[in-house]
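To start, the structure under review is shown below, and the notes come after it.
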Amino acid sequence: MKILEITGGQKLSGTIRISGAKNSAVALIPAAILADTETTICNIPEITDTDNLCSILSHLGVSTKRASESIIIDSSNMKNEEIGEEFSKKLRASYYFMGALLGKYKKAVMYFPGGCSIGARPIDLHLKGFEALGAKIKIDANKYTVEAEKLVGCPIYLDIASVGATINIMLAAVKAEGKTTIDNAAKEPEIVNVATFLNNMGAHITGAGTSTIKIEGVTHLHGCFHEVIPDRIEAGTYTIIGALCGENLKIDNIIPEHLESLISKLQEIGTKLEIGSDYIKISKNEKYKPTNIKTATYPGFPTDLQQPFSILLTQCNGKSKIEETIWENRFMHIPYLCQMGADITVKNQTATFIGPTKLKGKEVVATDLRAGASLVAASLIAEGTTMITNVEHILRGYENIVEKLTKVGAKIKSREI
Ligand code: UD1
């Protein structure tokens, strides 16, 4: 088992370069199989989620070549095999193979996806979308068979603006006959990144980034070159760390517009920020004002940054609140923060913070990816040493976290026990 040992109290300065977005890359890799020829995707983060998707590609007979931050995917010898549970359960985004295989072969057989236990995480909206396009769905325990004689474009309304369902329906609909409209689509930047990739392959998608996406089906998609956008959640996490213990810490290679809701909350509590065209420079303030946060779909405050931001709220003067509206189970890091000295109570989907409180190093568990990242942030300002177990969750989503933090002055070590 891997653990992280972090000794808090260091001032962090220098530059952290942000990697490609996990939530884009995990959709772009399955999307690449829709092309009949070779695609190259650059700025792919080296995280276990992308490694696990490459294992699925190799199981399907798709060749992949990694060259530094790029991946070349060639599906010309691909076979439409069943994707077993040993592959699907490794990550949530394995479900994008359902839409991509359905779009390419009109058939996908795979098991229910895995991923962080942050809520029930149903896939009913994905399946409803596939059915609307003409697919029949058979569910046998955890095994899903999704099959269509032909896929025909149609209007689809999503009851919830789901990121996964929006992307999965796009993947299935790009080669359907005629026009598909997705209403109440999710608007996250990762969706725009995937739609651009598909358009570069020859698809006709308009409206990505708005709540109505229109897709005109095509018969063939070809290889292309594409770039993953910077990871706004990784960028946000390090920006929050900068507000906790930074001294002119530069968060580089980012798209600041993707972080507007975070930036406005940081400004509201009194953070010192310099915002450039592709970077943010941030320093710790001596005193922070309290604030209230309610998570929402993009461009609202991202649920994925709620947990890292909670560490800042333990340092604000007075009473702050976070209301989590997307996932039922996203306060699992709070008991550990309380053990470290924070004053937080959770009732239903709202956490109330009384600050500021001094944090002390303890033994804590990363229960999920962003909970783990928030415990890293807490450890960096805690007195003494914190030991974080279940680090595998963090490595699924943060490329070279130990190296990136060490480079700016953190005392962080990873070791096997
Ligand atoms: C994606 C992100 C995740 C982020 C989340 C919300 C990826 C790989 N993961 O997850 O980091 O926290 O968006 O921004 O991109 N829902 C249903 N039925 C469905 C699908 C979703 O009820 O078929 C509900 C979910 O339970 C949740 C809400 O819709 O309450 C949003 O989920 P969704 O946007 O689909 O999240 P993911 O795509 O899984």
Side-chain angles (χ1 to χ4, degrees), residues 20-31 45 47-50 52-53 88 90-100 112-132 137 139 144 146 156-172 182 184-195 211 228-229 231-237 258-259 261-262 294-309 322-332 349 368-374 393-394 396-398:
K22 165 181 115 45
N23 288 351
S24 268
V26 297
L28 294 170
I29 293 172
I47 48 176
T48 40
D49 267 11
T50 53
N52 286 326
L53 289 170
S88 69
K90 292 231 166 97
L91 76 165
R92 187 75 192 157
S94 58
Y95 59 29
Y96 289 133
F97 279 102
M98 232 182 236
F112 196 77
C116 291
S117 308
I118 50 179
R121 308 196 85 172
I123 58 166
D124 56 308
L125 300 172
H126 305 227
L127 301 177
K128 266 171 127 175
F130 299 151
E131 275 178 328
I137 291 159
I139 305 172
Y144 287 69
V146 186
I156 296 170
Y157 175 83
L158 295 179
D159 297 328
I160 301 172
S162 151
V163 174
T166 303
I167 293 179
N168 234 342
I169 294 168
M170 279 198 313
L171 297 178
I182 309 175
N184 196 31
K187 296 184 281 219
E188 273 67 1
E190 293 75 21
I191 291 165
V192 180
N193 202 206
V194 175
S211 54
V228 183
I229 53 169
D231 195 314
R232 65 195 165 96
I233 306 300
E234 189 201 15
T237 305
H258 291 171
L259 288 163
S261 58
L262 172 70
K294 186 172 177 175
T295 61
T297 53
Y298 190 83
F301 194 93
T303 166
D304 289 355
L305 285 178
Q306 170 267 101
Q307 288 157 302
F309 204 90
I322 294 180
E323 186 183 344
E324 170 59 52
T325 69
I326 315 279
W327 302 115
E328 311 89 276
N329 217 359
R330 252 206 157 159
F331 287 131
M332 287 195 292
Q349 287 307 308
D368 58 80
L369 169 60
R370 308 299 169 190
S374 70
H393 281 301
I394 305 175
R396 280 190 31 233
Y398 288 86

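Read the numbers this way: they start at 1 and go in the same order the structure lists the ligands and their atoms. Numbering starts at 1 and runs along the sequence shown.
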For this session: Answer yes or no for R121 and W327: cation-pi contact, defined as NZ/CZ to six-membered ring centre under 6.0 Å and angle to ring axis within 45°.
Result: yes
For this session: May I ask you to list the atoms of ligand 1 that are less than 4.0 angstrom from any heavy atom of Y95?
Result: 37 (P), 38 (O), 39 (O)
Problem set entry | Min side-chain heavy-atom separation F112-I123 under 4.5 Å | yes
Seminar exercise, completed: Going by the 4.0 angstrom heavy-atom rule, the piece of I160 near ligand 1 is side chain
Exercise. Between T303 and ligand 1, which part of the residue brings a heavy atom under 4.0 Å of the ligand: side chain, backbone, both or neither?
Worked result: side chain
Exercise. Under 3.5 Å between some N or O of ligand 1 and some N or O of A93?
Worked result: no
For this session: Could you give me the CA-CA distance, side-chain angles and deciding distance for K294 and E324, then say whether salt bridge (charged side-chain N to carboxylate O under 4.0 Å, His left out) is met?
Result: CA-CA 6 Å; K294 186 172 177 175; E324 170 59 52; over 6 Å; no
Exercise. Side chain or backbone of A165 under 4.0 Å from ligand 1, or both, or neither, by non-hydrogen atoms?
Worked result: neither
Exercise. Counting distance only, does the side-chain N/O of T166 pair as donor-acceptor with the main-chain N or O of A185 below 3.5 Å?
Worked result: no
Exercise. Below 4.5 Å, heavy atoms only, C-beta onward: do P302 and S261 meet side chain to side chain?
Worked result: yes
For this session: Decide whether an N or O pair under 3.5 Å exists between I326 and ligand 1.
Result: yes
For this session: Return a yes/no value for V26: is any of its N or O atoms, backbone included, closer than 3.5 angstrom to an N or O of ligand 1?
Result: no
Problem set entry | Residue pair Q307 / R330, side-chain donor-acceptor N/O under 3.5 Å | yes
Problem set entry | Heavy-atom gap A186 to ligand 1 smaller than 4.0 Å | no
Exercise. Any ion pair linking D49 and R92 (charged N to carboxylate O, less than 4.0 Å)?
Worked result: no
Exercise. To the nearest 0.5 Å, what is the distance between CG (L259) and CZ (F301)?
Worked result: 10.0 Å
Problem set entry | Heteroatom proximity flag, K22 to ligand 1, N/O under 3.5 Å | no
For this session: Return the residue, atom name and 0.1 Å-rounded distance of the protein heavy atom closest to atom 23 (O) of ligand 1.
Result: L125 N, 2.8 Å
For this session: Any chance you could measure L125, atom CG, to I160, atom CD1, to the nearest 0.5 Å?
Result: 5.5 Å
Problem set entry | atom 20 (C) of ligand 1: the protein heavy-atom neighbour that sits closest, reported with distance to 0.1 Å | P122 O, 3.4 Å
For this session: For N184 and L158, indicate whether the former's side chain and the latter's backbone hold a donor-acceptor pair under 3.5 Å.
Result: yes
Seminar exercise, completed: When distances are taken from atom 18 (N) of ligand 1, the protein heavy atom at minimum range is D124 OD1, 2.8 Å
Problem set entry | Donor-acceptor pair between D368 and H393 side chains, under 3.5 angstrom | no
Exercise. Among protein heavy atoms, which lies nearest atom 12 (O) of ligand 1, and at what distance?
Worked result: D304 OD1, 2.6 Å
Problem set entry | Minimum-distance protein heavy atom relative to atom 35 (O) of ligand 1 | S162 OG, 2.6 Å
Exercise. Does the salt bridge (charged side-chain N to carboxylate O under 4.0 Å, His left out) test come out yes or no for R232 and D304, once each step is laid out?
Worked result: CA-CA 10 Å; R232 65 195 165 96; D304 289 355; over 6 Å; no
Exercise. Side chain, backbone, both or neither: which part of W327 has a heavy atom under 4.0 Å from ligand 1?
Worked result: side chain
For this session: May I ask whether R330 has any heavy atom positioned less than 4.0 angstrom from an atom of ligand 1?
Result: yes
Exercise. Taking N or O atoms only and a 3.5 Å limit, does R121 qualify as a polar contact for ligand 1?
Worked result: yes
Exercise. Which ligand 1 atoms, with their elements, are less than 4.0 angstrom from a heavy-atom of N23?
Worked result: 2 (C), 3 (C), 7 (C), 8 (C), 9 (N), 11 (O), 15 (O)
Exercise. Short list, please: which atoms of ligand 1 are under 4.0 Å from a heavy atom of G164?
Worked result: 35 (O), 38 (O)
Exercise. In the protein, what heavy atom is nearest to atom 1 (C) of ligand 1, and what distance, to one decimal place, separates them?
Worked result: V163 CB, 4.0 Å
